[in-house]
Amino acid sequence: MIRHFLRDDDLSPAEQATVLELAARMKADRFGYQPLTGPRSVAVLFDKQSLRTRTSFDVGIAELGGHPLIVDTQGTHFGRGETLTDAARVLSRYVAAIVLRTYGDDRIAELAGGASVPVVNALTDGFHPCQLLADLLTVRERFGGTAGRILAYVGDAANNMANSYLLAGATAGMHVRVAGPVGFSADPVVVARAAEIAVGTGGSVSVLTDPAEAVKGADVIATDTWTSMGQEDDGLDRNTPFLPYQVNAELLAQAAPGAIVLHCLPAHRGEEITDEVLDGPQSAVFDQAENRLHAQKALLTFLIEATIPAPDAAAP
Ligand code: CP
Ligand code: NVA
């Protein structure tokens with residue numbers, strides 16, 4: 001069976017905990033794990049911009065003893081008719097896993113459908129599950145665990161980060177509160193799925209519009225840009241409705257004492273978060289960014305080891 005990671009809920013609660021534990025061990029012994037020695041290659045494809053994802057996969061694959069193939073897809077045939085299915089069938093003959101950052105979730109689903117090696121979502125319009133593994137690793141480091149902690153995400157509740165906080169937070173047994181303005185509220189299908197997961201993990205899910213209610217007593221305050229990649233020209237006012245959701249000192253003061261602040265970066269300083277908070281003592285943002293590296297090394301190791309090669313990969 002091929003194990004893909006297209007959404008946060010592609011890992012069960014037990015599997016998510018296994019990956020996070022492995023990530024912690026890999027962080028503590030950074031060069032001690034080399035399961036891709038050979039080297040086996042991993043393709044990392046970008047339809048959208050990136051700094052952290054690009055570099056952390058590149059460095060991480062090398063640290064695992066593997067060979068990273070970082071590909072900007074403008075240089076491929078994707079734009080002139082080669083299907084993702086065909087590309088997946090070809091790449092599966094070369095590499096141990098394929099990582100893709102793209103637009104619609106239908107695109108990564110098509111890639112996975114043609115692949116006989118694991119496919120990893122490095123951000124789509126719908127989800128950013130690798131980011132959430134890093135976020136949860138950070139929560140685990142700061143609080144000793146994730147279960148029972150309150151996580152409040154404020155801002156664009158309709159975006160990929162909101163969806164991933166809902167699914168991954170519920171999987172981790174957290175109480176996830178998501179607050180955004182009217183017109184930018186959480187996807188009800190994702191909320192229902194997160195609530196279903198939370199029943200089994202002891203977590204919970206709340207959908208709110210009031211940022212103060214969301215952050216009250218929370219252990220983790222998270223936010224993200226108000227304009228995600230691809231939304232620059234969508235014709236919506238992506239500033240005024242979000243102003244009350246800025247993560248600033250006043251909002252943070254309503255969180256639990258010892259609360260931490262997360263932001264996946266890149267930040268738009270002075271918009272969704274202030275300098276004072278991002279650079280302040282409660283910010284865990286740069287640990288969070290570092291943890292992309294460790295979490296993705298663990299994820300790739302887990303998926304590659306859990307995958308039984310499909311016949312296409314074994315064909316002459
Ligand atoms: N957080 C994140 O995914 O950053 P990049 O867009 O720079 O990869
Ligand atoms: N929601 C943002 C996350 C960037 C890492 C985007 O999709 O652009």
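We count ligands from 1, going down the list as the structure has it; atoms in each ligand are counted the same way. Both backbone and side-chain heavy atoms feed into the values below; hydrogens, waters and symmetry mates do not.
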Visitor: Nearest to atom 8 (O) of ligand 2, what protein heavy atom do you find, and at what distance?
Guide: Met229 N, 2.8 Å
Visitor: Under 3.5 Å between some N or O of ligand 2 and some N or O of Asp224?
Guide: yes
Visitor: For salt bridge (Lys or Arg N to Asp or Glu O under 4.0 Å), just list the numbers for Asp10 and Arg3, CA-CA rounded to whole Å, side-chain angles, deciding distance to a tenth of an Å, and then say yes or no.
Guide: CA-CA 8 Å; Asp10 285 339; Arg3 290 303 305 268; over 6 Å; no
Visitor: Can you find a heavy atom in the side chain of Phe5 that is under 4.5 Å from one in the side chain of Val119?
Guide: no
Visitor: Before signing off on this row, confirm whether His128 and ligand 2 have an N or O atom pair separated by under 3.5 Å.
Guide: no
Visitor: To which protein heavy atom is atom 7 (O) of ligand 2 closest, and what is the distance rounded to 0.1 Å?
Guide: Asn160 ND2, 2.8 Å
Visitor: N/O of Pro266 under 3.5 Å from N/O of ligand 2, yes or no?
Guide: no
Visitor: Hey, is Leu123 touching ligand 2 through its side chain, its backbone, both or neither, going by heavy atoms under 4.0 Å?
Guide: side chain
Visitor: Should Gln288 and Gln131 count as side-chain neighbours, where that means a heavy-atom distance under 4.5 Å?
Guide: yes
Visitor: May I have a table of the N/O to N/O pairs between ligand 1 and the protein that fall below 3.5 Å, each row giving the two atom names and the distance to 0.1 Å?
Guide:
residue: ligand 1; atom: 1 (N); partner: Gln131; partner atom: OE1; Å: 3.0
residue: ligand 1; atom: 1 (N); partner: Cys264; partner atom: O; Å: 2.8
residue: ligand 1; atom: 1 (N); partner: Leu265; partner atom: O; Å: 2.9
residue: ligand 1; atom: 1 (N); partner: Arg292; partner atom: NH1; Å: 3.4
residue: ligand 1; atom: 3 (O); partner: Thr53; partner atom: OG1; Å: 3.0
residue: ligand 1; atom: 3 (O); partner: Arg101; partner atom: NH2; Å: 2.9
residue: ligand 1; atom: 3 (O); partner: His128; partner atom: NE2; Å: 2.9
residue: ligand 1; atom: 3 (O); partner: Arg292; partner atom: NH1; Å: 3.1
residue: ligand 1; atom: 4 (O); partner: Arg52; partner atom: NE; Å: 2.9
residue: ligand 1; atom: 4 (O); partner: Leu265; partner atom: O; Å: 3.4
residue: ligand 1; atom: 6 (O); partner: Arg101; partner atom: NH1; Å: 2.8
residue: ligand 1; atom: 7 (O); partner: Leu51; partner atom: N; Å: 2.6
residue: ligand 1; atom: 7 (O); partner: Arg52; partner atom: N; Å: 2.9
residue: ligand 1; atom: 7 (O); partner: Arg52; partner atom: NE; Å: 3.2
residue: ligand 1; atom: 7 (O); partner: Arg52; partner atom: NH2; Å: 3.0
residue: ligand 1; atom: 8 (O); partner: Ser50; partner atom: OG; Å: 2.6
residue: ligand 1; atom: 8 (O); partner: Arg52; partner atom: N; Å: 3.4
residue: ligand 1; atom: 8 (O); partner: Thr53; partner atom: N; Å: 2.8
residue: ligand 1; atom: 8 (O); partner: Thr53; partner atom: OG1; Å: 2.6
residue: ligand 1; atom: 8 (O); partner: Arg101; partner atom: NH1; Å: 3.4
residue: ligand 1; atom: 8 (O); partner: Arg101; partner atom: NH2; Å: 3.3

Visitor: So do Gln282 and Ile260 actually touch side chain to side chain, heavy atoms under 4.5 Å?
Guide: no
Visitor: Heavy-atom pairs closer than 4.0 Å: do any link ligand 2 to the side chain of Leu265, the backbone, both, or neither?
Guide: backbone
Visitor: Between the side chains of Asp125 and Lys48, is the shortest nitrogen-to-carboxylate-oxygen separation below 4.0 Å, so that they form an ion pair?
Guide: yes
Visitor: Distance from Thr76 atom OG1 to Leu91 atom CG, nearest 0.5 Å?
Guide: 9.5 Å
Visitor: Between His175 and Asp219, is there a side-chain heavy-atom distance shorter than 4.5 Å?
Guide: no
Visitor: Give the atoms of ligand 2, by number and element, whose distance to some non-hydrogen atom of Asn159 is under 4.0 Å.
Guide: 1 (N)
Visitor: Does an N or O from Ser228, backbone or side chain, lie closer than 3.5 Å to an N or O of ligand 2?
Guide: yes
Visitor: For Asp156 and Arg238, run salt bridge (Lys or Arg N to Asp or Glu O under 4.0 Å): C-alpha distance rounded to whole Å, both residues' side-chain angles, the deciding distance at 0.1 Å, then the answer.
Guide: CA-CA 9 Å; Asp156 184 0; Arg238 292 191 162 275; 3.3 Å; yes
Visitor: Would you call Asp72 and Arg54 a salt bridge, using N to O less than 4.0 angstrom?
Guide: yes
